[in-house]
2 protein chains.
Amino acid sequence: MLLSKSCIYALRASVLIASKKNDGFITIRELSDELNISFHFLTKVLQEMTKAELLESYKGPNGGVKLARPANKITFMDVVESIDGNYMINECVLGLPGCGVMKPCALHDQWSVLKTDIINMMNEYNLEAIAKNRELQRSFERKSAQLANL
Amino acid sequence: MLLSKSCIYALRASVLIASKKNDGFITIRELSDELNISFHFLTKVLQEMTKAELLESYKGPNGGVKLARPANKITFMDVVESIDGNYMINECVLGLPGCGVMKPCALHDQWSVLKTDIINMMNEYNLEAIAKNRELQRSFERKSAQLANL
DNA sequence: GTATATTAAGATAAAATAGTCTTAATACCA
DNA sequence: TGGTATTAAGACTATTTTATCTTAATATAC
């Protein structure tokens, strides 16, 4: 698995937040219900995002969480790093300590190319774009469901 | 982490076996010593590779394990699948069940491209090639260490 | 101020992964 | 046949990840 479950939850939740064109706070309960994720677990995950200053939180009635920056200023990578750290960037596929340009492992060069692509994608893709794509995919899905029912 | 530790151990051990141009059996003890991996744990991992028919094993004196096929007939992917299963192929980055062409998640298309590259690399790269590359990397490392000592 | 809504934090439990230890099975050799 | 080397298998432990539950802190509204 490339990303931990916590990280996947963080991504899904933040994309959902981004897709709600809503300046106000959204309760974690609403997110956990919609995403079918345990409320308490999601709370913890989003707490980490809050600490990483990707989210802002507010307690009490009308409280909840919201993006700390415009959705197009939060990258896929920002979210991944806030939860899983930057393991992806400096970790060797074979888990060898010190693997790098000066002491490459047998898979270093081949993996570097792929890793660079993944990192670039994560850096270039942001929550706004992902949320837009999500809407696109969902409307496509609805249409093909309609077609299937003809 | 892309690959589990068990899988990484399997890869490292099988590359080491491939790099020993030796038709006979190699003891797991020798492998575990050289790779600094717990003997018992490596034994279990290699047992799975034996079950998957990537390795042959033999008990008793002069026993051990060896590749069941020529090193260039065992791909990176073979080893990964024998330990971690084929999760990489059919799993969604966002962990969504049913994610696919007909019901793509928000990251499906972007991830598909990267995933295909990873899968291709794993299918094309085999133990012989990795072992050769390992030797190359090691000699490079030795040379740069010499240069550093001038 | 009191009741209520909400996130924060901590304690605990469950599950998955990683690692160790012991015993069994098998093969060789003398 | 008996002793030794080796993988196979199972029991057990430890660690990490995931999940749940409880309590605390904070904000609102009446």
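Reminder, nothing fancy here: chain letters follow the sequence lines and each chain counts from 1.
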Distance-minimising heavy-atom pair for [X] and [Y]:
X: B:L42; Y: B:L31; result: CD2-CB, 4.0 Å
X: B:V101; Y: A:F140; result: O-CE2, 3.7 Å
X: B:Y125; Y: A:A106; result: OH-O, 3.8 Å
X: A:I8; Y: B:G95; result: CD1-N, 4.1 Å
X: B:F76; Y: B:M122; result: CB-O, 3.3 Å

- [ ] Classify the nucleic acid contact of A:Y58 as base, sugar-phosphate or nothing, counting any heavy atom under 4.0 Å across all strands shown.
- [x]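 It contacts sugar-phosphate atoms only.
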Close side-chain approach of [X] to [Y], heavy-atom, < 4.5 Å:
X: A:F25; Y: A:N62; result: no
X: B:L11; Y: B:I83; result: no
X: B:H108; Y: B:C92; result: no
X: A:L46; Y: A:M49; result: yes

Task: Comparing A:N62 and B:R29 on DNA chain D - which has the more 5′ nearest nucleotide - done: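 The 5'-side residue here is B:R29.
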TODO: Between A:S4 and B:G63, name the one whose nearest nucleotide on DNA chain D is closer to the 5' end.
DONE: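 Residue closer to the 5' terminus by nearest nucleotide: B:G63.
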Task: side chain to side chain donor-acceptor pair (under 3.5 Å) contacts touching residues 80-107 of chain A (sequence neighbours left out) - done: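 Residue pairs passing side chain to side chain donor-acceptor pair (under 3.5 Å), neighbours aside: A:S4-A:D84.
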Open item on the list: Whole angstroms only, please: what is the CE-P distance between A:M1 and C:dA15?
Closed with: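 Taking atom P of C:dA15 as the reference, CE of A:M1 is at 17 Å.
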TODO: List in numerical order all residues of residues 5-24 of chain A for which some heavy atom is under 4.0 Å away from an atom belonging to DNA chain D.
DONE: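 Here the set is A:K5, A:S6, A:Y9.
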TODO: Go through residues 36-52 of chain A and report each residue with a non-hydrogen atom lying under 4.0 Å from DNA chain D, sorted by number.
DONE: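 Listed by number, they are A:S38, A:H40, A:F41, A:K44.
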Per-pair distances, 0.1 Å, donor-acceptor, side chain in residues 63-75 of chain A, under 3.5 Å, sequence neighbours excluded:
{"residue": "A:R69", "atom": "NE", "partner": "A:K73", "partner atom": "O", "Å": "3.0"}
{"residue": "A:R69", "atom": "NH2", "partner": "A:K73", "partner atom": "O", "Å": "3.0"}
{"residue": "A:R69", "atom": "NH2", "partner": "A:D78", "partner atom": "OD2", "Å": "3.1"}
{"residue": "A:T75", "atom": "OG1", "partner": "A:M77", "partner atom": "N", "Å": "3.4"}
{"residue": "A:T75", "atom": "OG1", "partner": "A:D78", "partner atom": "N", "Å": "2.9"}
{"residue": "A:T75", "atom": "OG1", "partner": "A:D78", "partner atom": "OD1", "Å": "3.4"}
{"residue": "A:T75", "atom": "OG1", "partner": "A:D78", "partner atom": "OD2", "Å": "3.2"}

Task: Between the first and last five pairs of the helix from C:dG1-D:dC30 to C:dA30-D:dT1, the angle of the axes, rounded to 10 degrees - done: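 That helix gives 10° between its end axes.
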- [ ] Keeping the roles fixed (side chain from B:D117, backbone from A:L114), state whether a donor-acceptor pair exists under 3.5 Å.
- [x]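 Side chain of B:D117 to backbone of A:L114: no pair is present.
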TODO: Please find the earliest and latest nucleotides of DNA chain D, in the 5' to 3' direction, that have an atom within less than 4.0 Å of any heavy atom of chain A.
DONE: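 Nucleotide range in contact with chain A: D:dT18 to D:dA29.
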Open item on the list: Looking at A:K20 and A:E34, is there a salt bridge between them, counting it only when a charged N and a carboxylate O are closer than 4.0 Å?
Closed with: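 A salt bridge is present here (some side-chain N lies under 4.0 Å from a carboxylate O).
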